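Protein chains get the first letters and strands the later ones, always in sequence-line order, with residue 1 at the start of each. Keep in mind that what you see is a predicted model, and the values were worked out from it rather than measured. Computed over heavy atoms, backbone and side chain alike; hydrogens, waters and symmetry mates excluded.
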Protein chains: 4
Amino acid sequence: MTELDRSGTDGNAGGMTSRTAPKLDHLLGIAAGLMARRGFGRTSIRDVANETGISLGGLYYYFKNKEDLLFLIQERTFGALLELQEAALAEGGDAETRLRRLVRNHLRYFLDHFNELKVCTYELESLEGERYEAIAELRRWYYHRLAEIVAEVWGVPGDRLESDGRVRHATLFVFGMLNWIFTWYDADRDKPVDRLGDEMIALVMDGLRAGPPPERTESS
Amino acid sequence: MTELDRSGTDGNAGGMTSRTAPKLDHLLGIAAGLMARRGFGRTSIRDVANETGISLGGLYYYFKNKEDLLFLIQERTFGALLELQEAALAEGGDAETRLRRLVRNHLRYFLDHFNELKVCTYELESLEGERYEAIAELRRWYYHRLAEIVAEVWGVPGDRLESDGRVRHATLFVFGMLNWIFTWYDADRDKPVDRLGDEMIALVMDGLRAGPPPERTESS
Amino acid sequence: MTELDRSGTDGNAGGMTSRTAPKLDHLLGIAAGLMARRGFGRTSIRDVANETGISLGGLYYYFKNKEDLLFLIQERTFGALLELQEAALAEGGDAETRLRRLVRNHLRYFLDHFNELKVCTYELESLEGERYEAIAELRRWYYHRLAEIVAEVWGVPGDRLESDGRVRHATLFVFGMLNWIFTWYDADRDKPVDRLGDEMIALVMDGLRAGPPPERTESS
Amino acid sequence: MTELDRSGTDGNAGGMTSRTAPKLDHLLGIAAGLMARRGFGRTSIRDVANETGISLGGLYYYFKNKEDLLFLIQERTFGALLELQEAALAEGGDAETRLRRLVRNHLRYFLDHFNELKVCTYELESLEGERYEAIAELRRWYYHRLAEIVAEVWGVPGDRLESDGRVRHATLFVFGMLNWIFTWYDADRDKPVDRLGDEMIALVMDGLRAGPPPERTESS
DNA sequence: TATGAATGAGGATTCATTCAT
DNA sequence: GATGAATGAATCCTCATTCAT
């Protein structure tokens, strides 16, 4: 599955008019900020009301649920990132080039949408049912794109890609590096972000180029 | 600072006797399981009571707070891991050997204490004040041990270790790989764990051996 | 300090509208009744909910705290009494006249707002911090007005008023008479209340007119 | 009723031996201190346990109830005071002499047993049933002794004493002065206590000597 | 006598959500 | 579109009390 399909799973309450849409954007930004800082569970709708200046009851015009609010944030943010990445992949180039491009894009997006992306990264489990599934699907898409690149570097054929634990692991290691950044990134200390991406690629690229490790290991 | 100091920040209900100690262990295990699955915030003390069979009020004999319960889990689990790692480092060997030992130990511990370690990894922010600080200190200790190894591989002198962003980043990338595993590890699919560790080392070791990337990057 | 300043210490849920204000009055009346009968500590919010017919959660729309509820009662009741007394003092007259006026006003107010005033009198210590201080300030104001009258009768100059133990004691004796009434007053037996006031004045006025007792006493 | 009858209403758990009696004294003193400071309701048995060093369970050897603990304090303290006063009255003398003696005794006792007597004065309502009745009876006895003196000064015959509101009121006014002292007494500022008693007598004695006020008053 | 361990009831408070206006 | 007012369920925690040892 390569096509990205994003359409409201559940319908956010009523059609936004051109007058309400910017208000919604503002709202989602504030909510993302709160949830990034304190987590979804510890963020109350009342917090969002206070921070946005919208009344408690009024908020429910914009989303039908606390969970729906979270979904809206994740869907928009992650969706936009993936569109970006899809375009980046479409530009072509060899595997290393594409990998570097992916990582840099990710990190630039991370910088511009820190709160929102943090929420995407750490609050998937706060969604349930259809909403969970919709975001999980996006995540899988992202995973597969990276896995394909790893497989290409290692010359693992597409049909063995799914079953090859080593590809899986290497891919997830890279996502681990990428996702953990939210816990330590300090704008003053760790900029510029492109440099960070290059360091990550440098750390990993030689290992990738060397090919996958042997299937079996005896232990020390 | 190499000595690990772990002593109750706040004093949970006095010295456990030999009769209550195993009960406490059991309790903490159950609580860790719940918190690993649903998160700290979504785990209620009532859940713990139901799952353990201890009465709601009775639990408060073992800890003074929900937060204290979390602290107890983190302190014990993380403390024990760090003791293990401290011993592992004391065994000596070159940087790569020590790094591989650290990673393997971590992953074995991860396997044996999945729930508890997941709680340590993802719920630090649920602690506050002194309790937060006590665990954060443990984390810093762990970070520094790994950073020292990276610095040694790269020949960065000890006094520049703190200020060198590249050492910092490489170290945190490795922790990212390690910590993200909780989100995807599947016992059936991803064992054995030593193999996982070797793959991680393989992915990263060449990059490390190549030395740090240049300080500045230009580029698109 | 003669100006009375009473403004919410902490902001109970915003500005009451004309629709909610009477409900709040009713609520505070009920709560005062319960607290007068059973004390603040033994009055539960649930009691208030049951007695008012408002739901447990709904009550928190009107105050943010159990303590805030108590504060609201005290601030309103005591504040209104002191406004009354301030006006009474402004009417002028000699010291005895003003004293009699004060006592009568107090007792009439006592009769009309028995529960509320009892709560003011006996539950100051149930407040803390800013709220305590706000009410304590009102109490001090009241004390000083009475002390001034005593001092005037005795010809103690204003600047010695603070330091003169005899003025202090006589004033507090009168407050003692006044405040203890809550423990024994029986509407059937002890009315009319103006008569009670006159008896109190009669008991004390001759002693006051005789001037302060000598500074030092040898004992029996 | 002149005879004082004090015998445990309820039996404090088990007969105290000579070894446990002093421990009980200590315990009651501590408990009285806590209850004087924070009130009966806000004092927990756990507080008493912590403050005394006796274990929570162990306390129940000394009393069977939290209420029983309060009762023990009140019975002992108030009982001893009344014995003192009974003896003081037995010494004879005219009404003024006896009144002054009563007041001085009361205040000296107040000074030596501040906590305990405060608890007697303010926590009668925390007792129920038989225990309440037993202490209320002591209080009535005390009230009557003072009322008799007032009646004697005013020449009110003993058989009209009960029905005469003016005697009742004057008596209760004096108790009000006496009982309110707990709320303001400051050892540094307000000593010596005999002097305080003399001031109280001086404030009131002229009014008493002048005879009761006329039965009816027109108002304002 | 005294303690550690445990219970169950009740208390204050928060919170997502709803609905009439 | 938006608000004020209200609800009911759930949550954390405290506390008097008990009982085996």
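The shortest distance between the side-chain N/O atoms of D:Lys64 and the OP1/OP2 oxygens of F:dT18 is not below 4.0 Å. OP1 or OP2 of E:dA16 has not a single side-chain nitrogen or oxygen of A:Asn65 nearer than 4.0 Å. Between A:Tyr61 and F:dA2 there is no side-chain N or O to OP1 or OP2 distance below 4.0 Å. An OP1 or OP2 oxygen of F:dA6 is reached within less than 4.0 angstrom by a side-chain nitrogen or oxygen of C:Tyr62.
The separation between D:Leu34 atom CG and F:dC15 atom P is 12 Å, rounded to whole Å. A straight line from CG of B:Leu27 to C1' of E:dA6 spans 13 Å, rounded to a whole angstrom. In this structure, OH of B:Tyr60 is placed 13 Å from C1' of E:dG11, rounded to the nearest angstrom. Separating the CG atom of C:Asn50 from the C1' atom of E:dA12 is a distance of 15 Å, rounded to the nearest angstrom. With rounding to whole Å, C:Arg42 atom CZ is found 15 Å from F:dC15 atom P. One atom, NZ of C:Lys66, and another, P of E:dT13, lie 8 Å apart when rounded to the nearest Å. C:Leu56 places its CG atom 8 Å from the C1' atom of E:dA12, with the value rounded to the nearest Å. Taking atom NZ of D:Lys23 as the reference point, atom C1' of E:dA2 lies 8 Å away to the nearest angstrom.
Base pairing annotation: E:dT21 forms a Watson-Crick or G-U wobble pair with F:dA2, both donor-acceptor distances under 3.5 Å.
Look at D:Arg42 and D:Asp47 and you find no salt bridge, because none of the NZ, NE, NH1 or NH2 atoms lies under 4.0 Å from a carboxylate O.
Across the interface with DNA chain E, nearest-nucleotide mapping of C:Asp47 and C:Gly58 shows C:Asp47 to be the residue nearer the 5′ end. Nearer to the 5' terminus of DNA chain F, by closest-nucleotide assignment, is the contact made by A:Gly53 (compared with the other of A:Gly53 and B:Thr43). Between A:Glu67 and C:Gly57, it is C:Gly57 whose nearest contact on DNA chain E lies nearer the 5' terminus.
Using a 4.5 Å cut-off on side-chain heavy atoms (C-beta onward), A:Leu124 and A:Tyr132 make contact. In this structure, B:Leu127 and B:Glu75 have side chains that are not in contact, with every pair of non-hydrogen atoms separated by 4.5 Å or more. A heavy-atom distance below 4.5 Å is found between the side chains of A:Lys23 and A:Tyr62.
For B:Ile45, the listed nucleotide lying nearest its side chain is F:dC12; candidates were F:dC12, F:dA16, F:dA2. Listed nucleotides E:dA2, F:dT11, F:dT14 differ in distance to B:Arg46; the shortest reach to its side chain belongs to F:dT11. Ranking F:dT17, E:dT3, E:dA12 by closeness to the D:Ile54 side chain, first place goes to E:dT3. Comparing atom distances between the D:Ser55 side chain and each of F:dC13, F:dT3, E:dT3 picks out E:dT3 as nearest.
In terms of modelled atom types and a separation under 3.5 Å, the side chain of A:Thr77 and the main chain of A:Gln74 share no donor-acceptor contact.
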